[in-house]
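This report refers to the structure that appears directly beneath it.
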Amino acid sequence: MIDINLIRENPEAVKENIKKKFQDSKLPLVDEIISLDKKKRELQTEVDGLRAQRNTLAKKIGALMKEGKREEAEEVKALSKRNNDRVAEIESEMSQVEADLKKDMLSIPNIISKDVPIGRSDAENVQGKVFLKAEEKPFDVPYHLDILEKLDGIDLDSARRTSGNGFYYLTGDIARLHSAVLSYARDFMIDKGFTYCIPPYMIRSDVVSGVMSFEEMDGMMYKIEGEDLYLIGTSEHSMIGRFMGTVMPEDKLPQTLTSYSPCFRKEKGAHGIEERGIYRIHQFEKQEMIVLCKPEESDFWYEKLWNYTVELFVSMEIPVRQLLCCSGDLADLKYQSCDIEAWSPRQKKYFEVGSCSNLTDAQARRLGIRYKNAKTGKNEFVHTLNNTVVAPPRMLIAFLENHLREDGSVYIPSVLRPYMGGKSEIQVKK
RNA sequence: GCAGAGAUGGCGGAGUGGUCGAACGCGCACGACUCGAAAUCGUGUUACGGGCAACUGUACGGGGGUUCGAAUCCCUCUCUCUGCGCCA
């Protein structure tokens, strides 16, 4: 949600931003908001006056009662009652106007960074920097599922029986590798000065509706039957929810946190769960990083965050590139976003393994996350950012394809060996 | 899970139907005193919204209700504490 003052003061800039995102159908909302906002303020003035009257009358009644002037008091009561009817009328009109206003405000996209490339859809995303040389293998790289099966590292048949499509058993060295990657990533972020955090894996509906739209919720979130609880789709949900409705002192910023959690997603809609293997699944695990900082520092942190992910992948000897999200592909809450994509020697192209976003104050405004500005003494909204550190098992696809050898064994880069009992490779099971 | 107690400003803590946005204390800010500091004294100090301003509205865990009027009474949810029970 953007600042309504921006719409009041500079509606043209807001419209320009909407055009940049190719959401022209939302253009009329801006004028609608201006008129709803005006209406709201008129109603507010009126209702404030009437309430002031109510307060005065109530005091008068109290005074009369004390003096024992019962009859006079009754007269004023009747007057006050009539006044209150009018208050109720305007209040209900006002709550309607407020609801409409809020709905419109939620549809207005966040102002995007000047650095965001302009484009209609993900097809127009722009390649940024590239790290390590993306090389083709001198042999055919099999589909990741086949690699996993050769290494005796996966059992999808049983998972389908116990849980259905979109679930998996990882076994043996592959399961260990999965944990090793997460542990290594956790320590990597701790070394960068981030605070490690294990959050709740279930959250209440008010937190859910705070962190996402109804459509997203419907398409992603699993609900616990008979409870007001949902399984988180990412630890960002509970990590950001942690700060809902709080004001923190300026010296508590920046908050630099890295969290681990399993993630549960229905994956309803566009791509679905049909794809074979472990690319898109209902359950995965993720090491995440989130930052809450002062407004003037969020650009700095954005650059830092995505570079951490790159550094992590490079240390595991996996070629990656940065892909700049274009204006049309950017979610409404985001100011700027990029994906980190890993090289797939099989497909001979890059695919997404993480995503880094700066939401500026849009998320914080929606959730009421503020800090006390030490200079001005005012409470102001923080900026929030989030980024994937690493999310296996999807990340394992990149790992296996890049480190596969012709004989079917998989090479383990040195940084992971301490987490793998010193092993330097995973061998094919005879 | 059962029973009892409770949730008030940055913190502690009064307040049980009207003059309460809230006593008192702590903390914090500013000023006085001092060479400087401590101590002491004085002043100020909730948030959000409307208004050029004067001023004004709302909020005492969340939601709903009673009343002319609710921090205060009723319902409900959440959370905390104490005791019992159960359990990794």
Side-chain angles (χ1 to χ4, degrees), chain A residues 1-9 33-102 104-105 198-211 223-230 237-238 241-253 255 262 361 364-382:
Chain A
M1 206 189 326
I2 65 166
D3 187 352
I4 191 151
N5 284 311
L6 190 61
I7 298 183
R8 283 178 195 159
E9 283 157 22
I33 285 170
I34 290 171
S35 91
L36 281 171
D37 178 49
K38 187 160 170 274
K39 179 86 184 157
K40 191 194 124 182
R41 285 192 279 175
E42 284 166 7
L43 289 171
Q44 170 109 49
T45 305
E46 194 179 352
V47 81
D48 279 1
L50 290 169
R51 279 172 179 159
Q53 240 179 80
R54 169 169 71 189
N55 292 341
T56 317
L57 291 177
K59 273 179 196 166
K60 200 164 162 189
I61 292 166
L64 287 171
M65 297 289 261
K66 232 168 222 170
E67 291 169 37
K69 297 178 180 166
R70 287 206 152 266
E71 274 167 41
E72 266 181 69
E74 286 304 322
E75 274 173 46
V76 183
K77 267 195 199 179
L79 191 68
S80 182
K81 218 163 195 168
R82 248 175 294 140
N83 185 63
N84 284 353
D85 290 344
R86 182 75 187 125
V87 171
E89 248 173 67
I90 299 173
E91 274 175 350
S92 89
E93 194 181 341
M94 206 162 119
S95 59
Q96 185 58 53
V97 170
E98 276 173 345
D100 293 346
L101 187 61
K102 185 171 180 202
D104 285 356
M105 282 300 289
I198 299 175
Y201 303 153
M202 297 184 208
I203 49 176
R204 291 224 174 93
S205 56
D206 59 336
V207 182
V208 177
S209 54
V211 294
K223 187 173 185 344
I224 305 297
E225 190 171 347
E227 311 254 352
D228 180 29
L229 284 173
Y230 291 79
H237 295 154
S238 32
R242 184 178 172 202
F243 297 98
M244 257 172 98
T246 60
V247 183
M248 62 191 106
E250 185 173 321
D251 60 18
K252 283 265 192 285
L253 295 177
Q255 289 276 327
D361 63 357
R365 176 169 294 105
R366 199 165 150 171
L367 296 170
I369 306 173
R370 296 175 298 169
Y371 76 103
K372 188 173 271 304
N373 186 316
K375 259 201 200 105
T376 63
K378 293 267 179 229
N379 292 337
E380 293 170 12
F381 292 109
V382 303

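Note that the structure is predicted; figures quoted are calculated from it, not measured.
As judged by a 4.0 angstrom heavy-atom cut-off over every strand, A:Asn83 is placed among residues making no nucleic acid contact. Heavy atoms of A:Leu57 sit nowhere under 4.0 angstrom from any nucleic acid atom. Residue contacts for A:Asn84: at a heavy-atom cut-off of 4.0 Å it reaches the sugar-phosphate backbone alone, with no base atom in range. The residue A:Arg82 sits apart from the nucleic acid: no heavy atom pair falls under 4.0 Å.
The CD atom of A:Gln44 sits 8 Å away from the P atom of B:G51 (whole-angstrom rounding). Look at CG on A:Asp37: it is 14 Å from C1' on B:G51, rounded to the nearest Å. Atom CE of A:Met94 and atom P of B:G50 are 10 Å apart (whole Å). If you take CZ of A:Arg51 and P of B:A59, they are 8 Å apart, rounded to a whole angstrom. Going from atom CG of A:Leu50 over to atom P of B:G57 covers 11 Å, rounded to whole Å. In this entry the distance linking CD of A:Glu71 with P of B:C68 reads 18 Å, nearest Å. Atom CE of A:Met244 is separated from atom C1' of B:G61 by 14 Å (rounded to the nearest Å).
A close approach under 4.0 Å does occur between a side-chain nitrogen or oxygen of A:Arg8 and OP1 or OP2 of B:G50.
At a cut-off of 3.5 angstrom, counting only N and O atoms as typed in the model, there is no donor on one side facing an acceptor on the other between the side-chain of A:Asn55 and the base of B:G57.
Distance from the side chain of A:Arg41 is smallest for B:G51 among the nucleotides B:C68, B:G57, B:G51. Considering only side-chain atoms of A:Asp48, the nucleotide from B:A47, B:G49, B:G51 that sits closest is B:G49.
Across every strand in view, B:G83 sits in a pair with B:C2 that passes the Watson-Crick or G-U test at under 3.5 angstrom.
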Can you list the steps and then say if A:Asn5 with A:Arg8 is a side chain to side chain donor-acceptor pair (under 3.5 Å)? CA-CA 5 Å; A:Asn5 284 311; A:Arg8 283 178 195 159; 3.1 Å; yes
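Contact of the A:Glu46 side chain with the A:Met94 side chain is not registered, since no non-hydrogen atoms from C-beta on lie closer than 4.5 Å.
Residue A:Arg370 is the one, among A:Val76 and A:Arg370, whose nearest nucleotide of RNA chain B lies closer to the 5' end (criterion: closest heavy atom). Comparing A:Thr45 and A:Lys60 by the nucleotide of RNA chain B that holds the closest heavy atom to each, the one mapping nearer the 5' end is A:Lys60.
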When you compare the protein's N or O atoms with those of nucleotides 75-78 of chain B, which come within less than 3.5 Å of each other, and at what distance?
| from | atom 1 | to | atom 2 | distance (Å) |
| --- | --- | --- | --- | --- |
| B:U78 | O3' | A:Arg204 | NH2 | 2.5 |

